Number of protein chains: 2
Amino acid sequence: MDKNAPPNSASTVADVAREAGVSKATAARVLGGYGTVSEKVRVAVMAAAEALDYRPNELARSMTTGRSGTIGVIVGDIENPFFSLAVRGITDVARQAGFTVVLVNSSEDARNEEAALRTLLAKRVDGLIVSPAKESETDHLRDAARSGRPLVLLDRGSETLGVDTVVANDRHAAESITRKLIARGHRHIAYLTACDTPDHHFRTPADIHTGSVRRRIEGFFSTCQEAGMTDVEHNIHVGAVTPERTRAIIMAMIEAPLRPTAIIASDSVIALEVFKLCREFAIRIPDDLSLVSFHDADWTSVTTPPVTVIRQPVYQLGETAARLLVRRMKGDVGPPTRTVLETELVERASVSMPDQSSEPPHRG
Amino acid sequence: MDKNAPPNSASTVADVAREAGVSKATAARVLGGYGTVSEKVRVAVMAAAEALDYRPNELARSMTTGRSGTIGVIVGDIENPFFSLAVRGITDVARQAGFTVVLVNSSEDARNEEAALRTLLAKRVDGLIVSPAKESETDHLRDAARSGRPLVLLDRGSETLGVDTVVANDRHAAESITRKLIARGHRHIAYLTACDTPDHHFRTPADIHTGSVRRRIEGFFSTCQEAGMTDVEHNIHVGAVTPERTRAIIMAMIEAPLRPTAIIASDSVIALEVFKLCREFAIRIPDDLSLVSFHDADWTSVTTPPVTVIRQPVYQLGETAARLLVRRMKGDVGPPTRTVLETELVERASVSMPDQSSEPPHRG
DNA sequence: TTGAAAGCGTTACCAA
DNA sequence: TTGGTAACGCTTTCAA
C-alpha cells in the first residue's frame with residue numbers, strides 16, 4: 001500500500017529493486033551504469049526508478065568509490081576580478097570533466113587557508129587548486145600533497161614544495177615594464193602592493209611571501225639597481241590592503257620631498273585607487289604621474305587616459321591549472337611541473353617622459 | 001608492528017579506538033565531540049588520534065547525519081562583477097555559519113541550471129541559493145524545493161514558486177531613472193539588456209524571463225508610456241550577450257534615423273561596451289549620448305565623464321540570501337518571504353539635457 | 001546475467 | 001560512563 005505513490009522520503013536502490021522485483025545488486029547495476037544487465041531488466045528497473053522518483057545519493061557513492069567528483073579551490077578573494085576570472089577558467093574545465101567546484105575564500109590569510117584545506121580534505125575532494133596566501137607557510141600544503149590527492153598551485157608557487165604550479169612570468173614582466181619606464185626617463189618609480197609585512201615596511205624581497213608579487217618585486221628591484229638607482233627599497237610600498245590604506249600610502253608618497261614620477265600597481269584594484277585619488281587631487285596622468293598596472297582589468301582601456309597594463313592570461317591560468325589537475329586525478333604520475341604563462345605589455349597612454357613636465361621645479 | 005608509525009592509508013575511528021584501547025563507540029564520541037566521556041579516556045583517544053594523524057571523513061559523517069555542511073550556489077557567471085560580489089557575500093556568511101559553498105556557473109542557461117541542481121541535490125547539499133536563468137522554466141526549482149532542502153532565490157524571483165526570494169527593487173529603480181531622463185528632456189531612451197528572446201526582438205515584458213530585468217523593463221516601459229511616448233518597445237534591445245553582439249546593437253541604434261539620446265544599460269558589462277564604442281567613434285558622453293547603468297561597478301566613478309548609475313546592494317543581496325538560508329537550515333519553517341533591498345541613484349556626469357547639443361542638426 | 005553479502009567510516013540507539 | 005551493534009545508501013567481490 002505504500003508502493004505506488006512516490007514516497008515522502010527519498011527512495012533508495014533497495015526501494016527501486018523491490019519495486020522492480022530484482023535484487024539490490026541488479027538495480028544498482030543499471031542505476032549506476034556499470035556491470036551488465038539484460039535489456040528486459042534494465043527497462044523494468046528504469047521504470048521503477050522513474051515511478052519512485054529515485055535520485056542517486058552521491059555521498060554514499062563517494063564513500064564506497066573513494067571519489068567525490070569534487071575539486072576544492074582556495075583563492076584569496078573571489079571579489080577580486082583576477083580571481084573571479086581565474087575561477088571561471090577553473091569551473092569551465094571542471095564542469096567539462098564532470099567535476100564540481102567547492103570554493104573557499106582565504107581572505108589572503110594563511111590560517112584561514114589552513115582551516116579551509118582541512119575542511120576540503122575532510123570532505124574528500126578529489127583534487128585541489130590553491131593560490132597560497134604565503135609561500136613561507138606551506139606545511140598544510142605539504143600535508144595535503146602527502147594525503148595523495150593531487151594539488152596544483154595557482155599564480156603563486158613554492159620552490160621547495162615539489163608540487164605542480166601554474167604561474168605567469170611575473171619577474172620578466174616586471175623587468176620589462178621597469179626598463180620601459182627607465183627608458184622613458186623615470187628615475188623615481190614606486191611599486192605598490194597589497195602584500196604586507198609585520199611592520200608595514202619593505203626591506204628585501206624575502207619579506208614578501210606572496211610568490212607572484214615577490215617575483216615581480218625581484219624583477220623591479222634588480223632592474224632598478226642595474227640602472228644605478230639607489231634606495232630602491234624605499235620605493236616599494238606594502239600593505240595596500242584596503243582602499244583607505246591604499247589612499248594613505250599614495251598620499252604619503254605624493255607629499256614626500258622626492259615624489260615618484262611613476263607608480264607600478266601590483267593589481268588592478270590598487271591601480272583604480274591610484275586613479276581615483278589622482279582625479280580627486282587633480283594630479284594629471286601621465287603629465288604629473290605615470291601609472292602602470294598589473295592585470296588588464298576591463299576598465300583600464302576606458303579611462304582618460306587609458307592605462308598601460310601588463311596583460312596576464314588570467315583565464316588561461318585557471319584553465320591550465322584545472323586541466324593539469326584533471327590529468328593528475330586521472331592517474332598521471334609524472335614529476336611535478338611548473339608552467340609559466342607569458343604576459344604581454346599593453347601600452348596605452350598613462351606613461352610619459354618625466355622631463356616633459358612631471359618633475360616639480362625643485363630640481364634645477 | 002603496524003601500530004606506531006602513521007599508516008600509509010588514512011586512519012579511521014576504528015584505528016584510533018584500537019590504538020587507544022577503547023571501543024569504537026567511545027572513540028567516536030570524543031572524536032565527534034558528542035556524548036559524554038571521562039577525561040582520562042578523552043586524552044587517551046586524542047593522543048591516539050594525534051599519533052595516527054586521524055582525519056575525520058566528512059563523507060561518512062554526512063551519510064549518517066544527513067547533513068553535509070555544504071550549500072550549493074548557482075549563478076549565471078562568476079566572472080560578472082555583480083555575481084562575484086554577491087558570491088562573496090554568500091561565502092562570508094556561509095563560512096561564519098560553518099558551511100562551505102559549492103559553486104556552479106549556469107552560463108545563464110536553464111538546462112545547465114537544471115543539471116547543476118540535480119548534481120547538487122545528489123551531493124546532498126543542505127541548502128541552495130540560485131539565481132534562476134529563466135523565471136518561466138522553474139520545474140527543476142520546484143523539485144528542489146519539494147526535496148525538503150531550503151532554497152533561496154537570488155536577484156531573480158518567481159511569483160508562483162512560493163519560495164524565499166531576495167531581490168532589489170528593480171522596478172522602482174528603473175522608474176526613477178527613466179523619470180529623471182524624461183525630466184531632463186530625453187524623449188528617445190533606449191534600454192539595453194543581455195537577456196534574449198528567440199528572434200532577438202522585444203515585444204512585451206513577458207518576453208523577458210529574467211526576473212530582475214523584466215521588472216526593470218516593466219518600470220521603464222510604463223514610465224515611458226505615462227510620459228506619452230509611443231513605440232517604446234522598439235527602444236528596448238535584447239541579446240547583448242557578448243561584446244560583439246553588444247557592439248552590433250549599439251551601432252545599429254546609433255545609425256538609425258531616430259538615434260536615441262540616452263541609453264540605459266542593464267548591467268555594468270554592457271555599459272562598459274557602450275563606453276568603449278562611444279570613445280572609439282568619438283561620440284561624446286553626455287553631449288551626444290547620455291548613459292546610465294545598473295550596478296555601481298568600481299570603474300564607473302573613474303571614467304571621463306563618470307557614469308550615473310543605479311547602485312544596488314549587491315554584497316548585501318548575497319549576504320541576506322545566505323543568512324536567510326542559514327535560518328531555514330536551522331529549522332525555521334515560517335512562510336516564504338520576499339526581501340526587497342533598496343537601490344540608490346548615484347548621479348554623476350553622464351546624463352545631460354538633449355536640447356543642449358545632443359541632437360544632430362537634421363532636426364531643425 | 002543475476003543475487004547474496006561484505007564493506008566504506010561514521011553516528012546513534014540500547015544495554016550494561 | 002562505556003561497549004556492542006545496527007543503520008546510512010551505495011559499490012564490489014564472489015558464487016550461482
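What you see below is based on every heavy atom in this structure, not just the backbone, and it leaves out hydrogens, waters and symmetry mates. What you see is a predicted model; the values in this text were computed from it and never measured. A, B, ... follow the sequence lines: proteins, then strands. Residue 1 opens every chain.
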Out of [options], which nucleotide sits closest to the side chain of [X]?
| X | options | value |
| --- | --- | --- |
| B:A60 | C:dT10, D:dT12, D:dG3 | C:dT10 |
| A:S38 | D:dT2, C:dT10, C:dT2 | C:dT2 |
| B:Y54 | C:dT10, D:dG9, D:dG3 | C:dT10 |
| B:A25 | C:dA12, C:dG9, D:dT1 | C:dA12 |
| B:S23 | C:dG3, D:dG4, D:dT12 | D:dG4 |
| A:R61 | D:dC10, D:dT2, D:dC8 | D:dC10 |

**Study point:** Phosphate contact (C:dA12 OP1 or OP2) by B:T64 side-chain N/O below 4.0 Å
**Key:** no

Review point. Looking at A:Y34, does any N or O in its side chain come under 4.0 Å of the phosphate oxygens OP1/OP2 on D:dT12?
Key: no

Spacing of [X] atom [atom1] relative to [N] atom [atom2], expressed in whole Å:
| X | N | atom1 | atom2 | value |
| --- | --- | --- | --- | --- |
| B:M63 | D:dA6 | CE | P | 16 Å |
| A:E39 | C:dT2 | CD | C1' | 16 Å |
| A:D15 | D:dC10 | CG | P | 9 Å |
| B:R42 | D:dT2 | CZ | P | 10 Å |
| B:R67 | D:dC8 | CZ | P | 16 Å |
| B:E58 | C:dG9 | CD | P | 14 Å |
| B:L31 | C:dT10 | CG | P | 8 Å |
| A:K123 | C:dT10 | NZ | C1' | 14 Å |

Check your understanding: Can we say B:R149 and B:D126 salt-bridge, meaning some charged N sits less than 4.0 Å from an Asp/Glu carboxylate O?
Key -> no

Check your understanding: Does B:E108 come within less than 4.0 Å of B:R156, counting only side-chain N to carboxylate O?
Key -> yes

Review point. Base, sugar-phosphate, or nothing for A:R124, non-hydrogen atoms under 4.0 angstrom?
Key: nothing

Review point. Which part of the nucleic acid does A:T36 contact within heavy-atom distance under 4.0 Å: base, sugar-phosphate only, or nothing?
Key: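 Since a base atom lies under 4.0 Å of A:T36, the category is base.
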
Check your understanding: Do B:N112 and B:S106 have a side chain donor and acceptor closer than 3.5 Å?
Key ->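 Side-chain D/A pair, B:N112 to B:S106: absent.
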
Check your understanding: Any luck finding a side-chain donor-acceptor pair between B:T337 and B:D164 under 3.5 Å?
Key -> yes

**Study point:** Distance-only donor-acceptor test (3.5 Å): side chain B:K24, base D:dT5
**Key:** no

**Study point:** Distance-only donor-acceptor test (3.5 Å): side chain B:R29, base D:dG3
**Key:**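 For B:R29, whose side chain was compared with the base of D:dG3, there is a donor-acceptor pair (under 3.5 Å).
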
**Study point:** For A:R328 against A:P150, the heavy-atom pair lying closest together
**Key:** CB-CB, 3.6 Å

